[in-house]
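Before any comments, here is the structure.
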Amino acid sequence: MRSDHMDVKHKIELLKRGAVDFVGEEELHEKLAAGKKLKVKFGADPSAPDLHLGHLVVLRKLKAFQDMGHEIVFLIGDFTGMIGDPSGKSETRKPLTRETVELNARTYQDQIFKVLDPKKTKVVYNSKWLSKMDLVSVMKLMSQYSVARMLERADFKERFKSNKEISIIEFLYPLMQGYDSVELESDVELGGHDQIFNLLVGRELQKSYGKAQQTVITMPLLEGTDGKLKMSKSYGNYIGFTDTPKDIYGKTMSIPDDLMVKYYTLLTDLSDKELKVMEKAIKSGELHPKKAKSDLAKILVSLFYGSDAADKAENEFDAVFKDNKLPQDIPLVKVSKNHLSDGKMSVSKLIHISGLLDSVGEAKRMIKGGGVKMDGKKITDENLLVDLGSEKLLSVGKRKYARVICG
RNA sequence: GGAGAGGUGGCCGAGCGGUUAAUGGCAACAGACUGUAAAUCUGUCGACGCAAGUCUACGGAGGUUCGAAUCCUCCCCUCUCCA
């Protein structure tokens, strides 16, 4: 089936929405016009199977391709994962065992298929071809690139300039990842903007190896909940696919207000027009930033858990943080008798034992700072003896609760 | 192979024989305020102990000293310049 010119143009516009880079538009245009079913590559390291909203940005774009009938090739970098993508504070990774890779890959798929259609997704492992390469092939691969070009990569450049270590093997990473594109004959490769260098290497290697070149599309990096650094597991500023509804909601509420428009742009289907309207409304005070945020929080919870869960999360949040009520599910902690003397224990110790805080000292400091309550009353005496004959409700701040009983 | 610089708490970064559990910044946590786990301001920020205090910590192992993150020896790691 052939698509007419306008149709193709429209599709490309749609695919371009929100993208930072879009390299190789002509090739894409030609293929779409010819009615070709595209192979869209998306690669992932099997080491961190905890996807977050940053990934969602890219996954949504993949979904757009899928909805147009194209095939997603989800590449699991089990081989390249042994090196690890150079990332600032790089360290040599311990090689993953086969089982770990399998397990991580499994988890990864469980997560991406919350967004993508498994039927239109092919999963491949790059160890299939990379582990079989002999030194001659590796040398051929290496001869395609120069050190100077490698150092163009922002990450390397920075480390080189500030005299940080760069291992030679890290130079191999972009080459191997790029070689995957040669092997797969991918038509399009998608990734976060931080992947631009690697993706372009893939495009160039395809040319060197006499293949058609892939179109490279990158999506912006989403700032994390701190509003500064990119969302990432290692910065601890992420909202994960597997987070509880409560956490997705709460973490979303902790995003700085002024990031709302960006989040809406990258994580929802609002059109550019609607976004503009919203931006204005927030500025003029018509739309309270909190409202924009709680709406977004609900959208996100719904995406992973459905709208009922979203409503529930909102109610719970309002109850706890707006009306100062208690959350619904407070874990019950049983304290063994051996820890008690005469059925009693000091609050500080109790807080530590019940797992609310990491040490007794910390609990004492919290009490001094006025952050601890028992049965709704603020505790001021850090040595207060608590009789565990009956259940006690402890809270530290508004986010940590435990019901404690002797058991 | 030679010469030099350096490795400090979650991160960045001072200190260079003793009032140093180690200045400062960031992050984190709590409090106040708020229609938010936004913003802002304040406080806390090694562990154990009711406490006096004890222990653990400045790449690793030894050593010198009444006393070491600070000096010495060896080892490991990183960077720079030269060959």
Side-chain angles (χ1 to χ4, degrees), chain A residues 87-92 156 158-168 170 223-240 243-264 282-283 285-298 300-301 313-325 327 339 341-342 344-353 355-373 378-386 394-401:
Chain A
S87 72
K89 45 180 154 179
S90 101
E91 51 205 63
T92 314
F156 288 142
E158 209 169 288
R159 278 201 273 162
F160 188 69
K161 259 164 69 183
S162 57
N163 297 335
K164 294 256 172 64
E165 180 187 7
I166 302 174
S167 158
I168 307 271
E170 293 182 69
E223 280 90 346
T225 51
D226 59 326
K228 289 175 205 133
L229 300 168
K230 71 168 182 180
M231 186 174 283
S232 130
K233 203 181 170 186
S234 47
Y235 295 142
N237 61 356
Y238 72 106
I239 300 177
D243 279 352
T244 60
K246 185 179 146 207
D247 276 344
I248 293 181
Y249 194 95
K251 285 184 185 178
T252 304
M253 292 309 284
S254 80
I255 298 163
D257 289 351
D258 36 322
L259 236 60
M260 275 312 96
V261 174
K262 181 156 192 191
Y263 265 67
Y264 270 99
I282 292 179
K283 255 188 199 151
E286 253 173 89
L287 176 63
H288 195 289
K290 194 218 163 192
K291 174 81 173 100
K293 204 148 63 175
S294 54
D295 284 349
L296 177 70
K298 274 168 82 175
L300 294 173
V301 177
E314 174 162 64
N315 291 337
E316 174 106 355
F317 185 88
D318 285 345
V320 175
F321 294 100
K322 210 167 105 188
D323 306 329
N324 280 315
K325 288 188 188 141
H339 290 294
S341 68
D342 213 11
K344 294 179 181 177
M345 177 186 271
S346 76
V347 239
S348 322
K349 205 161 184 180
L350 193 56
I351 288 169
H352 174 228
I353 290 203
L356 291 176
L357 291 173
D358 290 334
S359 73
V360 177
E362 199 180 352
K364 286 183 185 171
R365 279 181 239 121
M366 272 299 85
I367 290 169
K368 269 185 203 149
V372 175
K373 285 182 184 171
K378 189 178 280 185
I379 302 283
T380 46
D381 177 11
E382 61 194 51
N383 296 320
L384 180 75
L385 284 177
V386 180
L394 285 172
S395 65
V396 178
K398 283 186 175 179
R399 294 163 62 186
K400 294 193 187 103
Y401 296 86

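Just so it is clear, the structure is predicted and the values come from calculations on it, not from any experiment. Throughout, a chain's letter reflects where its sequence line sits, starting with A, and its residues are numbered from 1.
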K398(A) NZ: over 12 foreign heavy atoms closer than 6.0 Å:
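Above 12, so yes.
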If you find the nucleotide of RNA chain B closest to V360(A) and the one closest to G369(A), which residue's nucleotide is nearer the 5' end?
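Closer to the 5' end of RNA chain B: G369(A).
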Given atom [atom1] of [X] and atom [atom2] of [N], what is their separation to the nearest angstrom?
X	N	atom1	atom2	answer
M366(A)	rA47(B)	CE	C1'	17 Å
I367(A)	rG49(B)	CD1	C1'	15 Å
E362(A)	rC29(B)	CD	C1'	7 Å
Y235(A)	rA27(B)	OH	C1'	12 Å
I379(A)	rA30(B)	CD1	P	17 Å
L357(A)	rC29(B)	CG	P	12 Å
N237(A)	rC11(B)	CG	C1'	14 Å
H352(A)	rG46(B)	NE2	P	15 Å

What's the gap between [N] and [M] when it is taken at their [atom1] atoms, as a whole Å value?
N	M	atom1	answer
rG10(B)	rC29(B)	C1'	13 Å
rC16(B)	rA69(B)	C1'	8 Å
rG6(B)	rU70(B)	P	14 Å
rC72(B)	rU65(B)	C1'	11 Å
rG9(B)	rC58(B)	C1'	8 Å
rU8(B)	rG13(B)	C1'	9 Å
rG67(B)	rU19(B)	C1'	13 Å
rC12(B)	rG7(B)	C1'	14 Å

All salt bridge (Lys or Arg N to Asp or Glu O under 4.0 Å) counterparts of [X], not counting sequence neighbours:
X	answer
K344(A)	none
K400(A)	none
K230(A)	D194(A)

Note every stem involving RNA chain B: at least three consecutive Watson-Crick or G-U wobble pairs, i with j then i+1 with j-1, with both distances under 3.5 Å.
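Output for stems: B:1-7 with B:76-82, B:10-12 with B:24-26, B:28-32 with B:40-44, B:46-48 with B:53-55, B:59-63 with B:71-75.
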Listed by chain and number, what are the side-chain contact (heavy atoms from CB on, under 4.5 Å) partners of [X], not counting sequence neighbours?
X	answer
L229(A)	D226(A), Y235(A), N237(A)
D318(A)	K290(A), E314(A), K322(A)
F317(A)	Y249(A), M253(A), F321(A)

Let me see the working for L394(A) and V386(A) under side chain to side chain contact (heavy atoms under 4.5 Å, CB included), right down to the final yes or no.
CA-CA 11 Å; L394(A) 285 172; V386(A) 180; over 6 Å; no
Applying the side chain to side chain contact (heavy atoms under 4.5 Å, CB included) criterion to M260(A), which one of L287(A), L296(A), D295(A) satisfies it?
L296(A)
Taking the cut-offs as 6.0 angstrom to the six-membered ring centre and 45 degrees off its axis, would you call K251(A) and Y238(A) a cation-pi pair?
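Ring-cation test returns yes.
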Can any side-chain N or O of Y264(A) pair as donor or acceptor with the backbone N or O of A292(A) at less than 3.5 Å?
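Between the backbone of A292(A) and the side chain of Y264(A) there is a qualifying donor-acceptor contact (under 3.5 Å).
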With sequence neighbours excluded, what pairs up with K262(A) under the side-chain hydrogen bond (donor to acceptor under 3.5 Å, both in side chains) test?
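Result, side-chain hydrogen bond (donor to acceptor under 3.5 Å, both in side chains) vs K262(A): E223(A).
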Taking only residues two or more places apart in sequence or in another chain, which ones pass side-chain hydrogen bond (donor to acceptor under 3.5 Å, both in side chains) with K368(A)?
none
Going through the checks in order, is the side chain to side chain contact (heavy atoms under 4.5 Å, CB included) test met by I353(A) and M345(A)?
CA-CA 10 Å; I353(A) 290 203; M345(A) 177 186 271; 3.5 Å; yes
Is there a side-chain contact between K228(A) and the phosphate of rC26(B), meaning an N or O under 4.0 Å from OP1 or OP2?
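Answer is no, no contact under 4.0 Å.
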Tell me, for nucleotides 35-40 of chain B in 5' to 3' order, what letter each nucleotide earns: B for a base near a protein heavy atom under 4.0 Å, S for only sugar-phosphate near one, - for neither?
BBBB--
Sub-3.5 Å pairs of nitrogen or oxygen atoms, protein against nucleotides 80-83 of chain B:
none

Give each protein N/O atom lying under 3.5 Å from an N/O atom of nucleotides 51-54 of chain B, with the pair distance.
residue	atom	partner	partner atom	Å
rA51(B)	OP2	K364(A)	NZ	3.4

